[in-house]
A.B. asks: 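One structure follows; several queries about it will come next.
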Amino acid sequence: MPPQHDRIRAAERLTKPLYASWAEARALLDGLPGGGLNIAHEAVDRHVAAGKGARLAVRWLAKDGSTRDLTYADLQTLANKFANVLAGLGIKRGERVFSLLGRVPTLYAAVLGTLKAGAAFSPLFSAFGPEPARSRMEIGDARVLVTTAAFYKKKIAPVRDALPGLRHILIVGDGADDVPGGVALDEALVKASAEFKIVATKPSDTALIHFTSGTTGKPKGAVHAHEAVVAHHVTGAYALDFRKGDVFWCTADPGWVTGMSYGIIAPLTNAITMIVDEADFDAERWYDILQDQRVNVWYTAPTAIRMLMKAGEAPIKARDLSRLRFMASVGEPLNPEAVTWSAKAFGIPFHDNWWQTETGGIMIANVPGLDVKPGSMGKPLPGIVAAIVKRSDGGTVEEIEEPMQMGELALKPGWPSMFREYLNEPARYAKCFADGWYLTGDLAKRDADGYFWFVGRGDDVIKSAGHLIGPFEVESALMEHNAVAEAGVIGTPDPVAGEVVKAFVVLKPGVEGGEETRKSILAHARVKLGPAIAPRTIDFRKNLPKTRSGKIMRRLLKARELGLPEGDLSTLESDEK
Ligand code: AMP
């Protein structure tokens with residue numbers, strides 16, 4: 001258990017949150033003259049102006065064991081330089097800058113520099129293959145891509161011709177000469193001026209675009225405005241317990257929303273020190289980081305926690321983790337066993353919280369001081385109204401008041417980090433709202449004490465190792481293989497990753513369904529989609545179950561795969577036989 005004074009302080013925070021309304025939260029930030037607001041100003045310039053430039057902003061841990069420290073003043077200089085590079089390329093306000101990078105220092109400068117320049121930033125996950133990268137850059141009308149020569153060659157060169165609007169490729173590290181039209185970014189940054197006058201963005205101006213997936217159709221570009229920083233700032237402090245002088249480690253990759261909202265923005269606006277680890281998961285390495293970097297607050301995900309549980313308690317007991325004060329988890333259901341295990345192994349439990357790309361920030365949480373009920377996501381944060389609802393076909397939404405009844409999790413719109421649109425898809429955006437509610441697509445329950453409990457997704461999307469995967473994107477890539485006639489994709493339970501992707505494939509007439517074909521399709525999917533999205537396994541089928549309108553019934557594929565009840569089959573037209 002944390003020391004007594006920590007418990008008292010946490011309990012005080014619970015009764016007196018640091019903001020009672022979003023207007024009060026906004027007042028904790030500077031803003032720009034004339035009612036403007038810019039995330040990068042709040043994250044960096046504000047602190048430098050207040051004399052905190054020498055504070056450590058980022059401690060970067062390279063794969064090779066070396067470290068690089070960036071103070072708030074360093075980050076400001078790098079961001080200004082990046083903004084000047086963009087200005088030199090003629091990038092205008094509102095244009096889109098994408099990244100396809102690992103967790104390297106330039107990524108952080110690129111995010112902040114882009115926001116200073118009034119352009120919008122969209123991070124791509126570096127494990128994406130060419131096809132997910134292409135489709136997102138096409139939807140987002142990417143004008144600039146920041147990447148490495150190696151990523152360019154493997155992931156962008158095969159699709160470059162399909163992206164005529166992509167004018168500038170900024171290459172981090174060596175090899176820019178091998179990239180058609182490539183700009184050597186490191187050199188350009190050295191030459192660029194360290195002074196930049198921040199563009200006077202409005203709170204409603206687009207700042208970030210995060211792609212997410214639905215059951216059908218293309219990836220969705222969820223648009224977030226500069227105003228989101230109001231929520232990032234206070235939810236970081238409140239739900240993640242940031243305090244002055246803290247060292248915070250968010251293990252999420254900035255290619256996903258958590259790695260941006262809480263892996264970059266929230267710690268910086270709160271002027272604390274954040275750890276960035278370039279390397280992938282490794283239990284020993286992670287425990288070393290927690291100890292050696294004296295991490296106070298740690299934000300991670302259930303897949304990683306389950307892998308740590310596998311490694312046992314011994315590596316924890318062998319280290320001094322006494323600085324660790326608060327641990328939180330997000331992205332997938334956190335098993336109650338993981339909560340009880342962590343309370344025993346670390347002396348403090350993981351605090352689960354819930355949110356999604358569209359909400360931009362934490363909505364429901366086991367905040368410090370709240371009694372943790374293992375398996376529950378906690379309670380809504382101040383300013384957030386959440387309910388369990390039932391939709392009717394007529395478009396009305398009814399609140400379910402009775403405790404522990406399952407329904408859809410819904411939120412009252414109006415918090416600052418709410419997505420403002422799905423790029424170019426107003427109808428898809430409008431469908432998320434009904435009767436004054438934002439409908440999250442998740443199924444949940446609320447108990448008599450007001451705690452929320454996750455039940456499952458209301459749609460067919462897959463959550464694997466915390467990454468949301470749209471089955472349609474996977475099916476489309478499989479269909480491009482010349483042996484495949486039809487494909488249906490589902491998530492199947494996995495003890496570590498939560499779910500893994502499984503594909504059911506109908507082969508074209510005359511194709512042999514042997515091991516060779518299976519390997520060839522799996523390899524094709526890995527190359528096209530990248531390892532984070534590609535299926536792990538493929539089953540061949542003669543037919544797939546379909547509705548009358550010809551849609552593959554993934555729900556039925558899943559029920560059969562898992563031996564669950566098949567449910568309502570009234571729309572089933574053709575079956576597997
Ligand atoms: P994403 O938009 O990729 O961040 O995924 C958001 C989805 O992840 C949510 O709609 C949930 O389905 C799931 N999710 C996020 N946090 C939790 C949590 N604490 N417990 C259960 N599921 C979660």
Side-chain angles (χ1 to χ4, degrees), residues 123-125 127-128 132 136 208-215 219-224 228 235 239-240 250-263 299-306 327-336 338-339 349-367 370 372-381 384 386 388 406 408-411 417-419 422 432 438-446 451-471 473 491 493 497-499 532-533:
L124 295 173
F125 184 43
F128 279 160
R136 285 159 178 79
L208 302 161
I209 302 166
H210 285 293
F211 282 88
T212 182
S213 301
T215 303
K220 304 181 273 191
V223 172
H224 290 282
T235 56
L240 300 178
C250 169
T251 63
D253 189 274
W256 304 99
V257 72
T258 306
M260 179 65 74
S261 299
Y262 297 96
Y299 195 21
T300 189
T303 295
I305 297 169
R306 288 187 289 263
M327 312 196 299
S329 163
V330 73
E332 332 151 44
L334 182 65
N335 331 42
V339 178
F350 274 107
H351 292 68
D352 190 16
N353 59 53
W354 177 95
W355 57 292
Q356 50 180 200
T357 303
E358 287 84 348
T359 71
I362 300 171
M363 299 282 107
I364 295 176
N366 288 285
V367 297
L370 184 72
V372 174
K373 292 194 189 185
S376 159
M377 310 187 289
K379 293 184 179 186
L381 296 190
I384 301 300
I388 302 297
M406 189 181 79
E408 186 167 1
L409 177 59
L411 304 166
S417 62
M418 191 176 94
F419 72 135
Y422 285 133
C432 299
Y438 164 65
L439 299 154
T440 66
D442 279 357
L443 302 175
K445 297 176 184 175
R446 178 176 50 193
Y451 285 72
F452 283 75
W453 299 75
F454 183 80
V455 175
R457 292 283 310 190
D459 56 19
D460 291 340
V461 295
I462 300 158
K463 255 280 155 125
S464 184
H467 307 141
L468 201 68
I469 298 171
E473 191 169 19
E499 285 187 295
I533 306 188

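Remember, it's 1-based here, ligands and their atoms both numbered in the order they're listed.
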A.B. asks: Using a strict cut-off of 4.0 Å, indicate which atoms of ligand 1 neighbour a heavy atom of T357.
C.D. replies: 1 (P), 2 (O), 3 (O), 4 (O)
A.B. asks: Does one side chain, of Y451 or N366, offer a donor that lies under 3.5 Å from an acceptor on the other?
C.D. replies: no
A.B. asks: I'd like the name of whichever of I362, T359, D442 reaches closest to atom 9 (C) of ligand 1 through any heavy atom.
C.D. replies: D442
A.B. asks: So, does W256 sit close enough to ligand 1 that a heavy atom of it is under 4.0 Å from the ligand?
C.D. replies: no
A.B. asks: Anything under 30° is parallel, anything over 60° is perpendicular, the rest tilted; go ahead and classify F125 against H467.
C.D. replies: tilted
A.B. asks: Can you check which of K220, E332, M363 brings a heavy atom nearest to atom 18 (C) of ligand 1?
C.D. replies: E332
A.B. asks: Going by distance only, is there an N or O of K463 that falls short of 3.5 Å from an N or O of ligand 1?
C.D. replies: yes
A.B. asks: For ligand 1, which atoms have a heavy atom of L468 less than 4.0 angstrom away?
C.D. replies: 3 (O)
A.B. asks: Is a donor on one side and an acceptor on the other found under 3.5 Å between the side chain of S329 and the backbone of D352?
C.D. replies: no
A.B. asks: Would you say T440 and ligand 1 have an N/O pair spaced under 3.5 Å apart?
C.D. replies: no
A.B. asks: Can you name the residues that form a ring-ring contact (aromatic ring centres under 6.0 Å, His included) with F211, not counting sequence neighbours?
C.D. replies: none
A.B. asks: For the atom pair OG1 (T357) and OH (Y422), what is the distance rounded to the nearest 0.5 Å?
C.D. replies: 8.5 Å
A.B. asks: With the threshold set at under 4.0 angstrom, would you say N353 reaches ligand 1 through any of its heavy atoms?
C.D. replies: yes
A.B. asks: Which residue owns the protein heavy atom closest to atom 6 (C) of ligand 1, what's the atom, and how far is it?
C.D. replies: Q356 CB, 3.3 Å
A.B. asks: Which atoms from ligand 1 have a heavy atom of P333 less than 4.0 Å away?
C.D. replies: 20 (N), 21 (C), 22 (N)
A.B. asks: Any idea which protein heavy atom is nearest atom 17 (C) of ligand 1, and the distance to it?
C.D. replies: W354 CD1, 3.5 Å
A.B. asks: With ring pair (Phe, Tyr, Trp, His ring centres under 6.0 Å) as the criterion, how do Y299 and F350 come out once you've worked through the C-alpha distance, each side chain's angles and the decisive distance to 0.1 Å?
C.D. replies: CA-CA 9 Å; Y299 195 21; F350 274 107; 9.9 Å; no
A.B. asks: Mark yes or no: R136 above the aromatic ring of F128, with NZ or CZ under 6.0 Å from the six-membered ring centre and no more than 45 degrees from the axis.
C.D. replies: yes
A.B. asks: Going by atom types alone, do Q356 and T440 pair a side-chain donor with an acceptor below 3.5 Å?
C.D. replies: no
A.B. asks: Does ligand 1 come near enough to G331 that some N or O of the ligand is less than 3.5 Å from an N or O of the residue?
C.D. replies: yes
